[in-house]
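Notes to accompany the following structure.
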Amino acid sequence: MKELSKQEISPLSSLDEWEDDVLKRYPEPGTPAKSKDEFRNYDSPEIEPVREFYRLNHKYQTYGNVLAKKANFLKFDKMEMPWWSAMEYLNTLIDDSDPDISLDQLQHLLQTAEAIRADGHPDWFVLTGFIHDLGKVLCLFGEPQWNVVGDSFPVGCQFSDKIVYPEFFADNPDSTDERYNTKYGVYTHQCGLDNVHMSWGHDEYLYHITKDYLPEEALYMIRYHSFYSQHREHQYDHLLNAHDQEMFKWVDKFNPYDLYSKSPKPPVVSELRPYYEDLIAKYLPATVKL
């Protein structure tokens, strides 16, 4: 890949711009969605960075890119620190131009986790809500935004036209590669998602960090919470096996907390920290290798 410009590395002013765009597509139940014409308003200045983000994401998220990123980052040799320190490290992603609300990453994650806890879910579910975006530290290791956030999708097979801005996949070299541009590509019918390579990003990265420690239900939540073309559109049923279909019920349980738990009222971090440090100690090793 050619050397990227600063604009190609960071087309969004904040990673939250992508999440705001997801909310426009999948608004809270009871809230009317924008019409297709409104959503595709290419002349709207606020959508231009998002559109550029997806153009880059769809161009560069190739099968080869995913294998290369796994070979690099799944060595977990970048740094090692206590989990809480890693969550605080994530806060360096704060951007003053964030158009959402002025809470840092740690506060957003605590809000998600506290909403889950208030509804009486198991403690591992609460922990999942707390750590589910930790993989965004990839940005702090120099990864471009389109290799960190964005709707996730399988690579190595045909891209669904239900993925946002599907027209941008025309610039992805896998779209014209006979190995990858058919319905199944390198996969087989209902082969199971364990055998499928997903686009690279914070979901996949954190899944590999936690896969030896958390319940399988939590791992599905972490790995597939941005896989909107499946858990909203069911576009990849031909790759999921029966076990995947059953486990996706947990992704569906998690998704509303991920999308709709933001509030301008900040949680009191000092009061909540002891509970979450105990929860981390129950399920995870003392330090996280990134």
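Throughout, numbering of the chain's residues begins at 1 and tracks the sequence.
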Report summary line: Residues passing the side chain to side chain contact (heavy atoms under 4.5 Å, CB included) test with Asp133, sequence neighbours excluded, are Glu19, Leu109, Lys136, His202, His225
Query raised in the report: So Phe125 and Phe254, would you call those rings parallel, tilted or perpendicular, with 30° and 60° as cut-offs?
Result: tilted
Query raised in the report: Distance only, no hydrogens: is a donor on one side chain within 3.5 Å (strictly under) of an acceptor on the other, for His238 and Tyr184?
Result: no
Query raised in the report: For residues Gln61 and Ser199, is any side-chain donor paired with an opposing acceptor at under 3.5 Å?
Result: no
Query raised in the report: Can a salt bridge be assigned to the pair Lys24 and Asp20 using a cut-off of 4.0 Å between side-chain N and carboxylate O?
Result: no
Requested in this report: Would you kindly say whether Asp174 and Thr62 are connected by a side-chain donor-acceptor distance under 3.5 Å?
Outcome: no
Query raised in the report: Does His132 reach the main-chain N or O of Leu206 with its side chain, forming a donor-acceptor pair under 3.5 Å?
Result: no
Requested in this report: Under the salt bridge (Lys or Arg N to Asp or Glu O under 4.0 Å) rule, what do Glu204 and Lys70 come out as? Steps first, then yes or no, please.
Outcome: CA-CA 9 Å; Glu204 186 70 10; Lys70 285 184 172 182; 3.5 Å; yes
Query raised in the report: Does the ring center of Trp84 lie less than 6.0 Å from the ring center of Tyr89?
Result: no
Query raised in the report: Going by atom types only, do Thr287 and Glu80 share a side-chain donor-acceptor pair under 3.5 Å?
Result: yes
Requested in this report: Answer yes if the side chains of Gln190 and Asp237 hold a donor-acceptor pair under 3.5 Å, and no otherwise.
Outcome: no
Query raised in the report: In terms of side-chain geometry, is the basic nitrogen of Asp151 or Arg25 positioned less than 4.0 Å from the acidic oxygen of its partner?
Result: yes
Query raised in the report: With distance as the sole test, does Thr210 use its side chain to make a donor-acceptor pair with the main-chain N or O of Tyr213 at under 3.5 Å?
Result: no
Query raised in the report: If we ignore angles and hydrogens, is there a donor and acceptor under 3.5 Å between the side chains of Lys78 and Asn72?
Result: yes
Requested in this report: Establish, from distance only, whether the side-chain atoms of Thr112 and Ser261 form a donor-acceptor pair under 3.5 Å.
Outcome: yes
Query raised in the report: Can a cation-pi geometry be assigned to Arg232 and Tyr26, taking NZ or CZ under 6.0 Å from the six-membered ring centre and within 45° of the ring axis?
Result: yes
Query raised in the report: Between Phe73 and Phe141, how do the two ring planes meet: parallel, tilted or perpendicular, split at 30° and 60°?
Result: parallel
Query - Test side chain to side chain contact (heavy atoms under 4.5 Å, CB included) applied to Lys249 - qualifying residues, sequence neighbours left out - result: Glu246
Query raised in the report: Are Tyr180 and Tyr63 near enough that their ring centres are under 6.0 Å apart?
Result: yes
**Report entry** Test item: side-chain donor near acceptor, Tyr257 and Asp119, under 3.5 Å
**Finding:** yes
Query raised in the report: Ring centroid separation for Tyr224 and Phe248, is it under 6.0 angstrom?
Result: yes
Query raised in the report: Does the ring center of Tyr228 lie less than 6.0 Å from the ring center of His231?
Result: yes
Report task. Measure centre to centre between the rings of Tyr60 and Phe168, then say whether the value is under 6.0 Å. Result -> no
Query raised in the report: Is atom NZ of Lys162 surrounded by more than 12 heavy atoms (other residues, nucleotides or ligands) closer than 6.0 Å?
Result: no
Query raised in the report: Is the closest basic N to carboxylate O distance between Lys253 and Glu217 below 4.0 Å?
Result: no
Report task. Only pairs at least two apart or in different chains count here, so list each side-chain hydrogen bond (donor to acceptor under 3.5 Å, both in side chains) that has a residue in residues 273-282. Result -> Glu114-Tyr276, Asp123-Lys282, Arg273-Glu277
Query raised in the report: Does the side chain of Leu284 reach to within under 4.5 Å of the side chain of Leu214, using non-hydrogen atoms?
Result: yes
